[in-house]
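Since the structure comes first, as structure tokens, the remarks are kept for the end.
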Amino acid sequence: MNRQRGFVLLAGLMTVVALVCATIFAGVGALGGDGGSDEDGGDLAAASGSGAGARAPAAPASADAWIGTWAAAPAGIEPGVPNGHVGRSIRNVVHTSIGGAAARITLSNLFSREALLIGHASIAVADGGRHEHPSAAPGTMRLVTFGKKTSVVVPPGGRAVSDPVRLRVPPDTDLLVTVHTPAPGGPVTYHPRALRTSYTAVGDRTRDAGGAAYTGRAPVWRYLTAVDVLNRRARGSVVVIGDSITDGIGSSYDSDHRWTDTLADRVRGSGLGVLNAGISGNRVLRPSLATGKGPSALSRFGRDVLGQAGAEVVFVELGINDIIRRPNETDPDRITAGLKTLTRQAHAWGLRVVGSTLTPFGGNPRHTDRLEAVRDRVNDAIRSGDVFDRTVDFDRLLRDPYAPDRLRPDYDSGDGLHPSDDGYAAMGRFVDIEDLVGKEPARL
């Protein structure tokens, strides 16, 4: 029996076991994606404060000193690969916010009904030199294990967290996280708007320090949803849940110019990591109808925010897609009620919530006077102080003083909705660090 066939048989046997236990994973409720069980029923239950679908959060930073340094929210199923990237190695390139003495990774199979076999996985610090291919810095390539085994089967709708890996992880640097998928594993859970190039290679190239074999390229992250570091001196992480403005749409590719990247640079000295849980097109109340826009914020909050290692404070940048995407939500009270539900869920875990106003979109084709009035009403409620513990007024920061429903020209990426690199940098500088590190308990 050749090795490839053996992996396939192993995957089949493990699938039977995985299917029995899969329902214990919180992600199983999201298997339907945008057109499945995440429709209004589940989201409205979450809006009532029940937190349906949320899994138990990770231990706080003080418990074991694991801190999230990078994250990406699973957003949907990668099109065109119904069985996954069989027989290939997938090398995700991610950027750290805070450093540590060891690392662990989380792999997600959230949107698949089939078990996913990971044959091998590795992690390395990326070579800082300018190379055409994704190469590891000398001496940093490490094999990743799961329960002391080099392979793992991720159940349908589930996830797998690796063992700790001894690796000095610098802050503000790129990591290479590579997985080999030797057998069919169903649809690929991915994050489609990475704004970073990741790579694929034929065969098991997980331990290749050089990147010459990685000839396939795509601006997405596959399977990987978190990298945590061991850092006993860190305070914790800021977890940002948002839409395409947090995802960084409109910023430069392969440059890490999201507003959360600027924020990470500023708070690193305060012992905080920054985790970006933005999904382009994401809404508070409903799943987006388009592929890859993710479950609603209400239904994913427990997994994508409360479930992050060392979560210390939550930042919410959401609401504009509820207004401008069809079906348009024209009742501002429903949007603010959803935002308040997120705040209550965070408070239940002792987390402070900082939230932003909804930014201008007057130069975008979706803009109408009616929808602008909804945005104004939501912003009035946010500014009143009754929605979040602290408010960051991104609307006033970014708007054109001569046309307040539009972005400032120098802050506009060109579509009238998403900021430019300069706009994102201004957002990251605008957040008051004291709002993130203050000691008073969550209110509201």
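Heavy atoms only: backbone and side chains are in, while hydrogens, waters and symmetry mates are out. Because the structure is a prediction, the values reported are computed rather than measured. Numbering starts at 1 and runs along the sequence shown.
A distance-only check finds no donor-acceptor pair linking the side chain of Thr262 to the backbone of Arg429 [under 3.5 Å]. Judged purely by atom type and a 3.5 angstrom limit, Asn92 uses its side chain to pair as donor or acceptor with the backbone of Arg222. Looking at Ser112, its side chain never comes within 3.5 Å of a backbone N or O of Asn109 through a donor-acceptor pair. Between the side chain of Thr69 and the backbone N or O of Ile98 there is at least one donor-acceptor pair closer than 3.5 Å. At distances below 3.5 Å, not a single donor-acceptor pair connects side-chain atoms of Arg207 with backbone N or O atoms of Leu143. Between the Ser237 side chain and the Gly68 main chain, a donor and an acceptor come within less than 3.5 Å of each other. Between the side chain of Arg91 and the backbone N or O of Pro134 there is at least one donor-acceptor pair closer than 3.5 Å. Although no hydrogens or angles enter the test, the distance criterion places no donor-acceptor pair under 3.5 Å between the side chain of Thr106 and the main chain of Val161. Formation of a donor-acceptor pair under 3.5 Å by the Asp228 side chain with backbone atoms of Arg104 is not found in this model. Side chain of Asp304 to main chain of Ala277: no donor-acceptor pair is present (N/O by atom type, distance under 3.5 Å, no hydrogens or angles).
Residue Val125 comes nearest to Arg168 through the heavy atom pair CG2-O, 4.0 Å, listed as atom of the first residue, atom of the second, then distance. The heavy-atom pair separating Gly278 from Ala73 by the smallest distance is O-CB, 4.5 Å. Closest non-hydrogen pair, Arg205 versus Ser89, comes out as N-OG, 2.8 Å. Smallest separation of non-hydrogen atoms from Val93 and Tyr199: CG2-CE1, 3.9 Å. Across all their heavy atoms, Leu417 and Ile320 have their closest contact at CD1-CG1, 4.4 Å. Minimum heavy-atom separation, Ser97 to Gly273: OG-CA, 3.5 Å.
The pair Asp174-Arg196 meets the salt-bridge criterion, since a charged nitrogen lies less than 4.0 angstrom from a carboxylate oxygen. Between Arg334 and Asp331 there is no salt bridge, since no side-chain nitrogen of the basic residue lies less than 4.0 Å from a carboxylate oxygen of the acidic one.
In this structure, Thr140 OG1 and Leu176 CG are separated by 7.5 Å, a value rounded to the nearest 0.5 Å. Distance check: Ser251 OG to Arg258 CZ gives 6.0 Å after rounding to the nearest 0.5 Å. Within the model, atoms CZ of Arg217 and OG1 of Thr200 stand 10.5 Å from one another, a figure rounded to the nearest 0.5 Å. Taking CD of Gln308 as the start and CH2 of Trp70 as the end, the distance is 9.5 Å to the nearest 0.5 Å. Taken from CG in Asp254 to OG1 in Thr197, the straight-line distance is 3.5 Å, to the nearest 0.5 Å. Interatomic distance, CD1 of Ile123 versus CG of Leu167, reported as 6.0 Å (0.5 Å rounding).
Crowding of Arg383 atom CZ: a count of heavy atoms from other residues, nucleotides or ligands under 6.0 Å exceeding 12. Within 6.0 Å of CZ in Arg232 there are 12 or fewer heavy atoms belonging to other residues, nucleotides or ligands. Other residues, nucleotides and ligands place more than 12 heavy atoms under 6.0 Å from the CZ atom of Arg366. Atom CZ of Arg193 has 12 or fewer heavy atoms from other residues, nucleotides or ligands within 6.0 Å.
Contact annotation: the side chain of His347 approaches that of Asp389 to within less than 4.5 Å [non-hydrogen atoms, C-beta and beyond]. Lys293 is not listed as a side-chain neighbour of Pro192, based on a closest heavy-atom distance of 4.5 Å or more. The shortest distance between side-chain heavy atoms of Ile241 and Thr246 does not fall below 4.5 Å. Residues Val431 and Met427 are not in side-chain contact: their nearest non-hydrogen atoms beyond the backbone lie 4.5 Å or more apart. Residues Leu195 and Ser255 fail the side-chain proximity criterion, which asks for heavy atoms closer than 4.5 Å. By the 4.5 Å heavy-atom criterion applied to side chains, Arg377 and Asp333 are counted as neighbours. Leu107 has its side chain out of reach of Arg159: every pair of non-hydrogen atoms, C-beta onward, lies at least 4.5 Å apart. Using a 4.5 Å heavy-atom cutoff, the side chains of Val227 and Thr96 are not in contact.
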Side chain to side chain donor-acceptor pair (under 3.5 Å) assessment of Ser252 paired with Asp421: CA-CA 7 Å; Ser252 299; Asp421 284 346; 2.5 Å; yes
side-chain contact (heavy atoms from CB on, under 4.5 Å) between His95 and Asp172, intermediate numbers included: CA-CA 6 Å; His95 195 79; Asp172 191 24; 2.7 Å; yes
side-chain contact (heavy atoms from CB on, under 4.5 Å) evaluation trace for Phe388 with Ser356: CA-CA 9 Å; Phe388 306 118; Ser356 70; over 6 Å; no
Leu230 and Trp66: CA distance, side-chain angles, deciding distance, side-chain contact (heavy atoms from CB on, under 4.5 Å) verdict: CA-CA 5 Å; Leu230 193 64; Trp66 284 106; 3.9 Å; yes
Derivation and outcome, side-chain contact (heavy atoms from CB on, under 4.5 Å), residues Leu318 and Leu342: CA-CA 11 Å; Leu318 281 165; Leu342 299 181; 4.2 Å; yes
Check against salt bridge (charged side-chain N to carboxylate O under 4.0 Å, His left out), Asp395 and Arg375: CA-CA 10 Å; Asp395 172 44; Arg375 185 181 76 94; 3.0 Å; yes
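Side-chain atoms of Thr145 and Asp163 form a donor-acceptor pair, as typed in the model, at a separation below 3.5 Å.
Of the candidates Val374, Asp376, Asp380, Val374 is the only one forming a side-chain contact (heavy atoms from CB on, under 4.5 Å) with Pro332. When the options Val284, Val353, Asp322, Leu285 are evaluated for a side-chain contact (heavy atoms from CB on, under 4.5 Å) with Leu339, the one that passes is Val284. Results of the side chain to side chain donor-acceptor pair (under 3.5 Å) test with Ser280 over Asn321, Asp243, Asp247 single out Asp247 as the only residue that passes.
Using cut-offs of 30° and 60° for the angle between ring planes, the Trp259 and Phe394 rings count as perpendicular.
Aromatic ring centres of His367 and Phe361: separated by under 6.0 Å.
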